[in-house]
Amino acid sequence: TRYLKKTHKFGVELPKSVRHAYELDKKNGNTFWADAISKEMKNVRVAFRIKDEDEIPKNVYQRIKCHMIFDVKMEDFRRKARMVAGGHMTETPKCMTYSSVVARDTVRIALTLAALNGLEVKAGDVMNAYITAPIEEKVWTVLGPEFGDDAGKAAIIVRALYGLKSAGACFRKHLASCMRHLGYEQCKADLDLWMKPEIDPADGYKYWSYVLIYVDDILVIHHDAMVPLNRIGKYFLLKPDSVGDPDMYLGAKLRNVVTANGVECWSLSPSKYVQEACKNCRQHLTENFDGKFALPKDAANPFPVNFEPQIDTSAELGPDEASYFQSLVGIMRWMVEIGRVDIAVECSLLSSHLALPRENHLHACIHVMRYLELHHNTRLFFDPTRPVVDEGNFDNGANWKDFYGDIEEAIPEDAPEPRGKSVVLRAMVDSDHAGDKETRRSRTGFVIFMNLALITWMSKKQATVESSVFGAEFVAMKHCVE
């Protein structure tokens, strides 16, 4: 597997077993891996209930294997050990098995609303998140050498250990129960956004308090954000160094800034993630493919000049090359998600060739990485300033009342009560009619702003072939409105 093949990360050798970890510590003259194992075992022992093997009903409980996996954290090169269960040995549950996550555009909207309404934003990371939840699967294991004197003993797994098929769903169910107990309700548009009506006692200002949950990463928006975060911390132990002002969120640097027009707002920069990805790309190309592929010297634009991936006829990539191409496209997709809007079109074009990539597709992908390496320092500002919109520009004198009647916008009956300051939504839409030279399908592109904050964007090939520019533009508008 890819995990077993990977021997180093950030220049640090990765152990493949507990014994190997201790050997590396002895070789390196430190206790980094031993400390990581000790820290993990201190937190994870609660998931195991030791019993005599004869006491475990084999017709009810299924035996699985557990082992330790190892990693190096990007932020500070800290060693990380994680106890995981062999969930592949159990039957797949019939219901949902994963922990859903808050949408990225929900995060951008929430940060803009926080600045607009003068609310605090605080973050926290649940320590050993899954272990806090009881497990529904009936499984047992034999303890390994990391358990010290208890090694070789039988134990029933009673908590949602990482690796079990239902662990994610069990944790989410447990966390949702806690949020409801604290008085929060799920947003109907995003079930991982929890909201609660609040009043700022300082001035009686009514607003919605939000808690955004991305598995075990928690973001709280409130007039005194530490209060709800501490209440959550009473049910789930939060990592001490993660509680406070948000710093890194989903791989991007989150920072409170003051814009040129004097407005305080939140901003998101994927620079660190981009730099690390480009560094890994350069190293991988140096060590593999016998010099066949390399980062170009210059890359003023994301794509090479006049490159058309749809009609490229270069040689097909081999299995290893194709696998690396797919990995790079996946990395670039995440970059687009966390703010690199400037490569959205190129990423979308390359994504159309994941099944059968060619040499020039990989060259183009590498060209994009070089462009990112040269232009890594970008930042999205979620400016809550209300834009100046002249409504008269949309009134051409046409009287549609005779056609449509006296109608109003339909508001759902269960829509939440409006609280806080209002916002203006604006969208900019375009399409390239018959942009695909092979199929003559057009591409939709749009960006949506809430006030002056860019909250969502998309570049996607249209499903139909339109015979006119009007048709392609109309389909693009339909995608944007939806």
Side-chain angles (χ1 to χ4, degrees), residues 43-49 60-61 82-85 87 90-104 106-107 110 120-139 156-199 207-240 242-243 246 249-250 414-417 419:
N43 295 321
V44 84
R45 273 185 176 272
V46 68
F48 299 88
R49 184 179 296 161
V60 177
Y61 287 84
R82 174 74 75 191
M83 171 64 70
V84 297
T90 65
E91 295 182 3
T92 303
K94 297 178 181 179
C95 57
M96 186 179 79
T97 61
Y98 61 92
S99 177
S100 54
V101 297
V102 67
R104 270 73 68 191
T106 301
V107 176
E120 290 183 358
V121 179
K122 300 293 181 182
D125 190 0
V126 179
M127 184 181 293
N128 290 89
Y130 285 8
I131 300 299
T132 62
I135 191 66
E136 296 177 356
E137 296 180 63
K138 303 290 185 181
V139 289
I156 293 175
I157 299 175
V158 295
R159 298 289 182 93
L161 198 64
Y162 287 91
L164 292 174
K165 287 189 173 75
S166 64
C170 288
F171 170 69
R172 190 188 184 284
K173 179 181 177 181
H174 189 53
L175 182 56
S177 175
C178 168
M179 296 305 299
R180 292 189 183 98
H181 179 71
L182 293 176
Y184 285 84
E185 60 183 87
Q186 288 175 292
C187 173
K188 291 179 172 58
D190 189 337
L191 297 180
D192 290 283
L193 171 67
W194 295 82
M195 49 199 293
K196 180 180 180 181
E198 293 280 3
I199 299 176
Y207 69 94
W208 285 98
S209 169
Y210 300 110
V211 176
L212 297 83
I213 300 176
Y214 197 101
V215 186
D216 59 353
D217 288 330
I218 297 174
L219 208 61
V220 176
I221 297 175
H222 191 273
H223 75 268
D224 187 2
M226 287 305 299
V227 172
L229 191 59
N230 287 334
R231 291 186 68 191
I232 295 173
K234 291 181 179 179
Y235 295 89
F236 300 92
L237 185 61
L238 303 177
K239 297 176 183 176
S242 72
V243 177
Y249 192 72
L250 308 183
D414 57 352
E417 172 196 357
R419 284 172 171 247

### Query
Are the side chain of Glu137 and the backbone of Ser166 linked by a donor-acceptor contact shorter than 3.5 Å?
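Checking the backbone N and O of Ser166 against the side chain of Glu137, a donor-acceptor pair under 3.5 Å is found.
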### Query
Taking the side chain as C-beta and beyond, is there a heavy-atom pair between His174 and Pro134 under 4.5 Å?
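A side-chain contact under 4.5 Å exists here.
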### Query
Is the number of heavy atoms from other residues, nucleotides or ligands within 6.0 Å of NZ (Lys138) greater than 12?
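Check fails, neighbour count at 12 or below.
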#### Entry: Pairs meeting criterion salt bridge (Lys or Arg N to Asp or Glu O under 4.0 Å) with involvement of residues 211-233, two or more places apart
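Sorted result for residues 211-233: empty, none.
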### Task
Please name the pair of heavy atoms, one in Tyr61 and one in Val139, separated by the smallest distance, quoted to 0.1 Å.
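Heavy-atom minimum between the residues: CD2-N, 3.5 Å.
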### Message
If you define the side chain from C-beta out and look only at heavy atoms, does anything of Val220 sit under 4.5 Å from Tyr210?
### Response
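No; the side chains remain at least 4.5 Å from each other.
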### Query
Does Trp194 use its side chain to pair, donor to acceptor, with the backbone of Ile213 at less than 3.5 Å?
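No; judged by distance alone, with no hydrogens or angles, the pair does not exist.
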### Backbone N/O of Leu182 and side chain of Lys196: donor-acceptor pair under 3.5 Å
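Side chain of Lys196 to backbone of Leu182, a donor-acceptor pair under 3.5 Å: yes, one is there.
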### Task
Supply the atom-to-atom distance Met195 CE to Gln186 CD, rounded to the nearest 0.5 angstrom.
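Rounded to the nearest 0.5 Å, the CE-CD separation comes to 11.5 Å.
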### Task
Please check if any side-chain donor atom of Tyr235 sits under 3.5 Å from a side-chain acceptor atom of His181, or the reverse.
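Judged by distance alone, the side chains do pair up.
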### Query
Any side-chain heavy atom of Leu219 sitting closer than 4.5 Å to one from Pro246?
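They are in side-chain contact.
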### Task
May I ask you to decide if Gly87's main-chain N or O and Lys165's side chain share a donor-acceptor pair within less than 3.5 Å?
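The answer is yes, because a donor-acceptor pair under 3.5 Å joins these two groups.
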### For Leu161 against Ala47, the heavy-atom pair lying closest together
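Distance-wise, the nearest heavy atoms are CD1-CB, 4.2 Å.
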### Query
Looking at Val102 and Tyr214, what are the two nearest heavy atoms and their distance?
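Here Val102 and Tyr214 meet closest at O-CD1, 3.6 Å.
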### Query
Do Arg419 and Ile199 touch side chain to side chain, with heavy atoms closer than 4.5 Å?
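They are in side-chain contact.
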### Query
Does the side chain to side chain contact (heavy atoms under 4.5 Å, CB included) test come out yes or no for Lys122 and Val243, once each step is laid out?
CA-CA 7 Å; Lys122 300 293 181 182; Val243 177; over 6 Å; no
### Message
For the backbone of Ile131 and the side chain of Arg159, can you confirm whether one donor and one acceptor N or O come within less than 3.5 Å of each other?
### Response
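Here the side-chain-to-backbone pair exists.
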### Query
Is there a side chain to side chain contact (heavy atoms under 4.5 Å, CB included) between Met83 and Phe48 once you walk through the steps?
CA-CA 11 Å; Met83 171 64 70; Phe48 299 88; 4.3 Å; yes
### Partners passing side chain to side chain contact (heavy atoms under 4.5 Å, CB included) against Ser209 (at least two apart in sequence or in another chain)
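Partners of Ser209 by the side chain to side chain contact (heavy atoms under 4.5 Å, CB included) criterion, ordered by chain and then number, come out as Tyr184, Glu198, Tyr207, His222.
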#### Entry: Residue pairs, two or more places apart or on separate chains, that pass salt bridge (Lys or Arg N to Asp or Glu O under 4.0 Å) and touch residues 176-193
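Applying salt bridge (Lys or Arg N to Asp or Glu O under 4.0 Å) to every pair that reaches into residues 176-193, excluding sequence neighbours, yields Arg172-Asp192.
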### Query
What pairs with Arg49 under side chain to side chain contact (heavy atoms under 4.5 Å, CB included), at least two apart in sequence or on another chain?
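Only Lys51, Val158 meet the side chain to side chain contact (heavy atoms under 4.5 Å, CB included) criterion with Arg49.
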### Query
Less than 4.5 Å apart, any side-chain heavy atom of Leu250 and any of Arg104?
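They are in contact (side-chain heavy atoms under 4.5 Å apart), so the answer is yes.
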### Task
List in chain and number order the residues that pass side chain to side chain contact (heavy atoms under 4.5 Å, CB included) with Ala415, two or more places apart in sequence or in another chain; answer none if no residue qualifies.
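With neighbours one apart ignored, the set is Ile411, Pro412.
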### Query
Does the side chain of Tyr130 come within less than 4.5 Å of Cys170's, by heavy atoms?
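The answer is no, as the side chains (C-beta and beyond) never meet within the 4.5 Å cut-off.
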### Query
Charged N to carboxylate O under 4.0 angstrom, Glu136 versus Lys173?
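Between Lys173 and Glu136 there is a salt bridge, with a charged N closer than 4.0 Å to a carboxylate O.
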### Which residues share a side chain to side chain contact (heavy atoms under 4.5 Å, CB included) with Arg82, sequence neighbours left out
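Scan of Arg82 (side chain to side chain contact (heavy atoms under 4.5 Å, CB included), adjacent residues dropped) gives Glu40, Ile69, Lys80, Val84, Asn128, Tyr162.
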### Message
Using side-chain heavy atoms (C-beta onward) and a distance below 4.5 Å, is Asn43 in contact with Met127?
### Response
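A side-chain contact exists here, since the closest heavy-atom pair is under 4.5 Å.
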### Message
Looking at every non-hydrogen atom in both residues, tell me the closest pair between Phe236 and Val126 and how far apart they are.
### Response
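Scanning both residues completely, I find the closest heavy atoms to be CB-CG1, 3.9 Å.
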### Message
Show the nearest heavy-atom pair for residues Leu193 and Leu212, with the distance to one decimal.
### Response
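Shortest heavy-atom contact: CD1-CG, 3.7 Å.
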### Task
Check step by step if side chain to side chain contact (heavy atoms under 4.5 Å, CB included) holds for Ile232 and Met179.
CA-CA 8 Å; Ile232 295 173; Met179 296 305 299; 4.2 Å; yes
### Message
If you apply the rule side chain to side chain contact (heavy atoms under 4.5 Å, CB included), what do you find for Thr132 with Leu237, and how did you get there?
### Response
CA-CA 9 Å; Thr132 62; Leu237 185 61; over 6 Å; no
